[in-house]
Structures are given as structure tokens and as C-alpha cells.
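A short write-up of the structure that comes next.
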Amino acid sequence: MPARAWAAPTGADDLPEVETTTRLRAIRDTSGTGRPTRPTPTPRPTTAPPAPPTYGYGLAGTLPPGAPVETTTRLRPVRPRRTGRVLAVTACVVLGGGLIGGALAGIWLASAEPARPAEPAGYTEAKDLWHNAPVDTLFPRTLPGPGAGPGAAARTWTRIVVAPDTPCSPAVLAKGLRATLTPLGCERVLRATYTDATASSVITVSLVFTRADAEAQRTLGQGGGLTARLGQDVPPALSGPSTVAARFGARQRASWWLSAPADLPVVVTAVSGFADGRAVDRPQPADRAMARGRTDATAQSGLGHEAKGITGRFEALLRKAVAATVKEKENAR
């Protein structure tokens, strides 16, 4: 604010009006004159103020040596983004999540489905017995049958004929059995004919190997009534020239039995008849020929007992052969 111009006093009591930027009121003289004294004005500086810096934000000029153009300081270096690494991490996360989700879904589905029964031990090895096992293992020369005859009488059967292995054809399989096994994968048929110790009866045994899985085989032999389900499905007979089975043919078949063990991919059949070649009008399944009170020649001769008894013996032989094969594989490891 500019100071007012000072005027000379017009009287003794008049005081000049003084205004400065330092004090706003007059200070009375304490020396006894009774007049206030004028303050001495502060002299203005005659030197020019220092020039402002010629560097900084928005100021033009020449920079001193070593002066930075930018006066702010970076707190930390910023690393460039690596797109490849980000994509790789994302892919791993997605794949990991998919695998975990798939595993959990598999566990859930497995728990939701009913549990399948386990495959019996040696089931896979049994499928190849028809060409891996020796003939004497599958069809022993002599086969004991304790308690296999009528009244639990002992029986002993002797092998008299062995046929080569053959495909599943009508010549070696009955019509109903062949139709049943074909969808399961009928593999091979092995046959042999035995006679009893008195050489009065002959029995043809067939081992029918299949490629059926364990569940299908279990269903096939369910209840043990394969003979009843197939009806009058009498297996073919195997004759042997120059043996007691030379006249054993279709007309001489008297009783038969079929068995499908649940633990083996095999169907065992047996058909019995008289060694003297006599014809039988109506062949009977073994369970009917073994019924009490029967007086016909088939029942009285025990041909039903022999057909069913020899079938059970061959099931036991097959299990024994499978166990030996499994043990041999384990020892070879």
C-alpha cells in the first residue's frame, strides 16, 4: 500500500498524519516533549534480488553442469511384463483344474455305479489251457471217481479215445449249446471218451473253451441248471474204432449232463451210453436218471450218475491245472 504524502504542520497542536507499513499507530515521545516522533523509514535495498534458478519445472534457461532434467526420483524399477510366463501359468492352472475335476468326476461315477464282482483268480490263464496244457493234464489216462456211482459207489474211468481240438461246429456241439456260446466267443472244443472198469459203459467228455468275461460266465452257469435250460440238448458222442466205444453213436446216447463253472471260462459236457451198442429211445438228463424209484435200464445201470460224476471230476481237474499255471507264472517273475 503506498504511503500518503506528508504535509507541514499548520499549528502547534497539529501532528502530521504518518502511516507506514511497519507500524499502524504513532508512538508518543517519552522524552518529555509531548510530541510523537516520526519513525525513521526503512531504507529500500538498492541491490537487485538474486535471480531465480534457471532450471526446474517450466523454467527455461541453461542448466548447471550435472543438474538433472527430472527432479523426481523413481521409487523402484518397473519390470516389463512377460506375456509368455503369464500364459504358461494360466494354462497350468486350467489343466490342473481339469485333471482334478476329471478325477473327482471319475470317483463320483465309480461310487455311483454298482461294484462289479472281481474276476476269479486264474480266469485269464484258463482261457489258454486248451493249447498250453498237455493232453494228459486235461484228459488223464485214468480218472478216479470215488463216490461217483449209484449208492456212492466208487468209479474208475480209463481213457480210450482222444480227438484233436476242433472249432465250435455242429459236429461237436449240440445245437442249443452252440447257439448259447457263439455270442460269448466260443473258442475251441476238446473231446475224449472213457470207459468204466467193467468196460460196460462209455462216456464222451467235452471241454468247450470260450472267450466270455467273468460276468457272462457267471450268468451262464447261474443256478447250475444249464442242462434244464437247454432242454433236450444231448451232446454228440465220440466213438473210437477198435475200442469198446466203436459202436457209440447218436442212437446209443442214454444220459447226459452240462456244467458251466462260474470261475472258469469253460463248459463241461458228458454223455454216457452202453458199451454193447444198444440203442436208447429217449435219452435222459442225469438228474432225472438219478431220481429214486426209476427202474429203466439207464437208471439201473447208473449212466446218469456217471455222466454227472465225471463232469464234476473234470471241473476239479481244470481248477488244478489253472492253479499250477498261475504258480508257474509267479515263480518265473
Side-chain angles (χ1 to χ4, degrees), residues 127 129-130 138-139 157 159-195 201-212 216-240 245 247-262 264-275 277-290 298-299 303-315 317-318:
K127 292 181 179 180
L129 280 180
W130 67 271
L138 297 178
F139 295 113
W157 297 287
R159 189 186 74 194
I160 55 177
V161 180
V162 177
D165 62 276
T166 59
C168 300
S169 64
V172 295
L173 286 180
K175 182 179 179 180
L177 181 60
R178 182 169 176 265
T180 301
L181 297 182
T182 298
L184 303 180
C186 192
E187 183 75 11
R188 216 73 177 168
V189 181
L190 280 65
R191 298 192 300 163
T193 297
Y194 286 78
T195 186
S201 64
V202 288
I203 308 170
T204 296
V205 179
S206 298
L207 304 180
V208 187
F209 287 84
T210 73
R211 308 303 297 181
Q217 180 70 20
R218 193 176 291 108
T219 303
L220 179 65
Q222 194 171 13
L226 186 59
T227 300
R229 294 203 304 271
L230 295 178
Q232 295 295 319
D233 203 35
V234 187
L238 174 65
S239 61
R247 292 179 289 175
F248 187 37
R251 296 269 304 170
Q252 286 70 40
R253 295 176 299 177
S255 185
W256 81 94
W257 194 248
L258 288 80
S259 175
L264 297 170
V266 182
V267 175
V268 183
T269 72
V271 58
S272 60
F274 295 101
R278 75 181 74 174
V280 178
D281 295 333
R282 298 182 63 182
Q284 304 171 24
D287 55 352
R288 187 184 304 173
M290 294 168 61
T298 300
L303 291 178
H305 289 79
E306 296 212 14
K308 193 170 185 179
I310 203 170
T311 300
R313 296 304 181 277
F314 271 93
E315 286 186 19
L317 280 175
L318 288 171

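Residues Leu230 and Thr180 are in side-chain contact: their nearest non-hydrogen atoms beyond the backbone lie under 4.5 Å apart. Side-chain contact between Met290 and Trp257 is absent, with no heavy-atom pair separated by less than 4.5 Å. With contacts defined as side-chain heavy-atom distances shorter than 4.5 Å, the pair Val280/Gln252 does not qualify. The side-chain heavy atoms of Asp287 and Thr227, taken from C-beta on, include no pair separated by under 4.5 Å. Contact of the Glu187 side chain with the Cys168 side chain is not registered, since no non-hydrogen atoms from C-beta on lie closer than 4.5 Å.
How far NZ of Lys308 is from CG of Leu303: 15.0 Å, rounded to the nearest 0.5 Å. Taking CZ of Arg313 as the reference point, atom CG of Leu318 lies at 13.5 Å (rounded to 0.5 Å). For the atom pair Asp233 CG and Leu226 CG, the distance stands at 8.5 Å (nearest 0.5 Å). Note that OG1 of Thr298 is 12.5 Å distant from NE2 of His305, once rounded to the nearest 0.5 Å. Considering CD1 of Ile310 and CD1 of Ile203, their distance stands at 4.5 Å, rounded to 0.5 Å. Distance CG/Leu181 to CZ/Arg211: 13.5 Å, rounded to 0.5 Å.
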Item to check | ring-ring contact (aromatic ring centres under 6.0 Å, His included) between Phe314 and Phe139, intermediate numbers included | outcome: CA-CA 8 Å; Phe314 271 93; Phe139 295 113; 5.7 Å; yes
Checklist entry - Given the rule in the side-chain contact (heavy atoms from CB on, under 4.5 Å) test, do Asp165 and Val189 qualify, once you have shown the distances and angles that lead to the verdict? => result CA-CA 6 Å; Asp165 62 276; Val189 181; over 6 Å; no
Next on the checklist: If you apply the rule side-chain contact (heavy atoms from CB on, under 4.5 Å), what do you find for Leu177 with Leu258, and how did you get there?
Outcome noted: CA-CA 9 Å; Leu177 181 60; Leu258 288 80; 3.9 Å; yes
Next on the checklist: One pair to check against side-chain contact (heavy atoms from CB on, under 4.5 Å): Ser201 and Ser272. What are the steps and the verdict?
Outcome noted: CA-CA 7 Å; Ser201 64; Ser272 60; 5.9 Å; no
Next on the checklist: Set out, in order, the CA-CA distance, both residues' side-chain angles and the distance that settles side-chain contact (heavy atoms from CB on, under 4.5 Å) for Leu129 and Phe209, then state yes or no.
Outcome noted: CA-CA 9 Å; Leu129 280 180; Phe209 287 84; 3.8 Å; yes
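In summary, the side chains of Thr204 and Thr193 do present a donor paired with an acceptor at a separation below 3.5 Å, with no hydrogens or angles considered. In this structure, a donor-acceptor pair under 3.5 Å is present between the side chains of Glu306 and Trp157.
Taking all atoms of both residues into account, the shortest heavy-atom contact from Val266 to Gln217 is O-NE2, 3.2 Å. The two residues Thr219 and Arg229 make their nearest non-hydrogen contact at O-NH2, 4.3 Å. Between Ser255 and Pro285, the shortest heavy-atom contact is OG-C, 3.8 Å. Listed here is the closest heavy atom pair of Arg188 and Pro167: NH1-CG, 3.8 Å. Between Thr210 and Lys127, the shortest heavy-atom distance links the atoms O-CG, 4.0 Å. In plain terms, the two heavy atoms of Ala307 and Ala270 that are nearest each other are O-CB, 3.5 Å.
For Glu315 (side chain) and Val268 (main-chain N/O), no donor-acceptor pair under 3.5 Å exists by modelled atom type. With hydrogens and angles ignored, the 3.5 Å screen pairs no side-chain donor or acceptor of Arg253 with any backbone N or O of Val271.
For CZ of Arg288, the number of neighbouring non-hydrogen atoms (other residues, nucleotides, ligands) closer than 6.0 Å is 12 at most.
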